[in-house]
Structure formats: C-alpha cells, structure tokens
Amino acid sequence: MGSMGFFDSLFSSKRPEGARDVTFTLDQAGHTYEDGNIGLKPTSLTITPESKRVAVIGLNGSGKTTLLQLLDGALAATSGSVRVDADGVAYDPSAKRDLKRIESMIGRVRREEIPNSYYKADSIREAIDEPLKKHKVPESERQAIIGNLFAHFDLAAVARESASALDSEKRHLLAIASALSFSPAAIVADEPTKGLDEVASAHVAKALFSYDKQVVFATHDTELITRAEYAIDRTLVVDDHQVVFDGGPHEAVAFYTDLIRAKYEAAKA
Ligand SMILES: Nc1ncnc2c1ncn2[C@@H]1O[C@H](COP(=O)(O)OP(=O)(O)OP(=O)(O)O)[C@@H](O)[C@H]1O
C-alpha cells in the first residue's frame with residue numbers, strides 16, 4: 001500500500017464514505033458551448049480503475065479540455081449523459097446533489113494551476129490548510145496531510161513561501177498537492193506539466209505518477225506518456241472534437257504522429 005492508503009486512513013474518521021476509485025462513463029456525451037462552438041461531439045467511453053493512468057492527447061482545440069471537464073463535472077453534457085460510479089453508487093453530474101459528491105471525489109488540476117486564493121495566503125502551507133480548516137479537519141490530521149503532501153511533492157523547503165514566490169515547477173507541484181489535499185478518489189489533470197522544460201516536467205511527472213492515485217490527464221508531451229516508468233495504461237487521441245483512437249500509449253503516439261503528418265501534408269497540398 002502506498003501513500004494513498006496512509007492519506008485515506010487519515011481521513012477515515014472524517015469521511016467514512018470516501019471512495020477509493022471511480023469509473024467514468026460517457027454515453028453519447030457531448031458539449032456545445034453557448035456560442036455554438038462544438039467542444040466535444042457525442043462520445044461514448046468508459047474509464048475504469050483498472051486503467052490507473054489515462055492520457056488524453058490531441059492538437060490545440062481538438063477537445064481535450066472539454067472531455068476532461070465532462071469527466072470531472074465542471075462542464076455539463078449538452079447531449080447524452082455522464083455517469084461517475086464509486087463504491088457501487090452511480091452519480092449523475094446533472095443532479096446538483098450528485099455533482100457535489102463528484103466534486104469531492106475528483107481532484108481537479110487546471111491549466112491555471114493553483115486557485116487564485118492561493119496567491120492571497122501568507123504561505124502555501126496556509127493556502128492548503130485554509131480549505132481543510134473550513135471543512136473542520138482536525139489540526140493533527142491537517143498537519144499530517146500537509147506534511148506528507150509537501151514531502152511527496154518536494155515542497156517542504158518552500159512551505160512558508162508565498163505562492164507568488166514559487167517557480168513554475170513548484171507551482172505545478174503545488175497544484176497537484178492541492179488537488180490531493182482532500183484525498184480524492186481520482187485526479188483529472190489538464191496538462192499538469194504545461195510550459196515546463198524537460199527537467200522540470202520530469203520532476204512533476206515523477207511526483208504525480210509515483211503517487212498511488214487514479215489519474216486522467218491531458219498532455220502535449222508524447223514522450224512522457226510512452227516512458228515505461230510512468231506506466232500509462234491507456235491513451236485517448238482526440239481530433240476534431242472526437243476520440244479517434246483508444247489504446248496503449250505507444251500505439252496512440254504512432255497513430256497521432258500519422259495524423260499530424262497527414263494534416264501537414266494536406267495543408268501543404
Ligand atoms: N468557453 C468556450 N467557449 C466557446 N468555445 C470554446 C470554449 N472552450 C473551448 N471552446 C472551443 O471548443 C473546442 C475544443 O476546445 P478544448 O479547449 O476542449 O480543446 P483542447 O484540445 O483542450 O485544446 P488546447 O490544447 O488548445 O487547450 C475548440 O474549438 C475551442 O475553441
């Protein structure tokens with residue numbers, strides 16, 4: 001049992017209902033934005049906990065973010081339906097009460113990295129502590145949670161710094177630690193290594209994937225997803241607002257490379 005077991009045991013008194021993992025199901029689920037832009041065409045797929053790490057790749061504007069936000073409940077499906085199953089219960093994000101549960105079960109790592117409120121806190125330790133306090137997590141648990149997250153994500157040395165003093169790598173690490181602070185069953189991360197150089201990107205990926213948690217993430221880094229140490233189980237290729245490939249990371253990258261080549265040739269012709 002890795003660090004997840006420990007964190008979950010910290011929460012066990014507080015949240016006996018805490019799910020360990022989730023299954024996402026899209027049934028012809030799609031999203032069209034209010035201005036008529038298509039984010040994702042009707043899509044059917046299931047992501048079970050057996051696929052512990054699922055990557056989503058695709059060109060800019062192909063629909064990756066839209067897909068992730070349908071999975072984590074941030075966006076409502078405008079067609080079809082989304083379901084999140086946890087501990088034998090099916091949650092429907094279009095029902096307000098279920099959405100609240102989904103929000104507590106799925107940690108979100110966003111493009112904008114850390115929440116704005118983090119910049120207002122005196123230190124990043126306080127920034128993470130504040131929401132836990134609000135949820136009445138006892139002090140000793142809060143200390144253990146933050147201490148362990150900061151140790152795992154290499155943030156202990158900067159715990160008393162303000163968010164604005166962090167470099168980009170540390171900000172990305174903090175964003176992931178933040179998403180994990182309530183011990184979610186799964187993490188949905190939108191480009192968790194976005195904008196980082198190779199070294200920083202490897203640090204962040206290593207920290208994220210050595211943490212024993214189900215992760216669905218979007219990336220433009222095709223090298224990252226094929227690296228054996230990260231053990232990516234499944235990769236979805238999104239193009240033109242639909243999932244056009246679903247399989248292993250190596251096959252997905254080969255498919256994606258051909259797709260890009262074909263587009264490039266078509267643009268040249
Ligand atoms: N808030 C929005 N309002 C209108 N259209 C949007 C909005 N967000 C995204 N879109 C459109 O939906 C489509 C899919 O966008 P999405 O952000 O899901 O793609 P992406 O694959 O994540 O792209 P990128 O890699 O550039 O972030 C694009 O055509 C985009 O312009």
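Keep in mind that this is a model prediction, so the values were computed, not measured. We count ligands from 1, going down the list as the structure has it; atoms in each ligand are counted the same way.
For the residue pair Thr66 and Tyr33, a side-chain donor N or O sits within less than 3.5 Å of a side-chain acceptor on the partner. For the residue pair Thr219/Glu191, the side-chain donor-acceptor check at 3.5 Å is not satisfied.
With Ser51 contributing its side chain and Val54 its backbone, the two residues share no donor-acceptor pair below 3.5 Å.
Ring centroid separation for the pair His152 and Phe150 does not come in under the 6.0 Å cut-off.
A salt bridge does not link Lys52 with Asp233: every distance from a Lys NZ or Arg NE/NH1/NH2 to an Asp or Glu carboxylate oxygen is 4.0 Å or more.
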| task | Any chance you could lay out the side-chain contact (heavy atoms from CB on, under 4.5 Å) test for Arg83 and Phe24, step after step, and finish with the verdict? | result | CA-CA 6 Å; Arg83 207 178 74 221; Phe24 302 90; over 6 Å; no
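Pocket lining of ligand 1, defined as residues with a non-hydrogen atom under 4.0 Å away: Tyr33, Asp35, Asn37, Ile38, Gly39, Leu59, Asn60, Gly61, Ser62, Gly63, Lys64, Thr65, Thr66, Arg111, Glu191, His220, His241.
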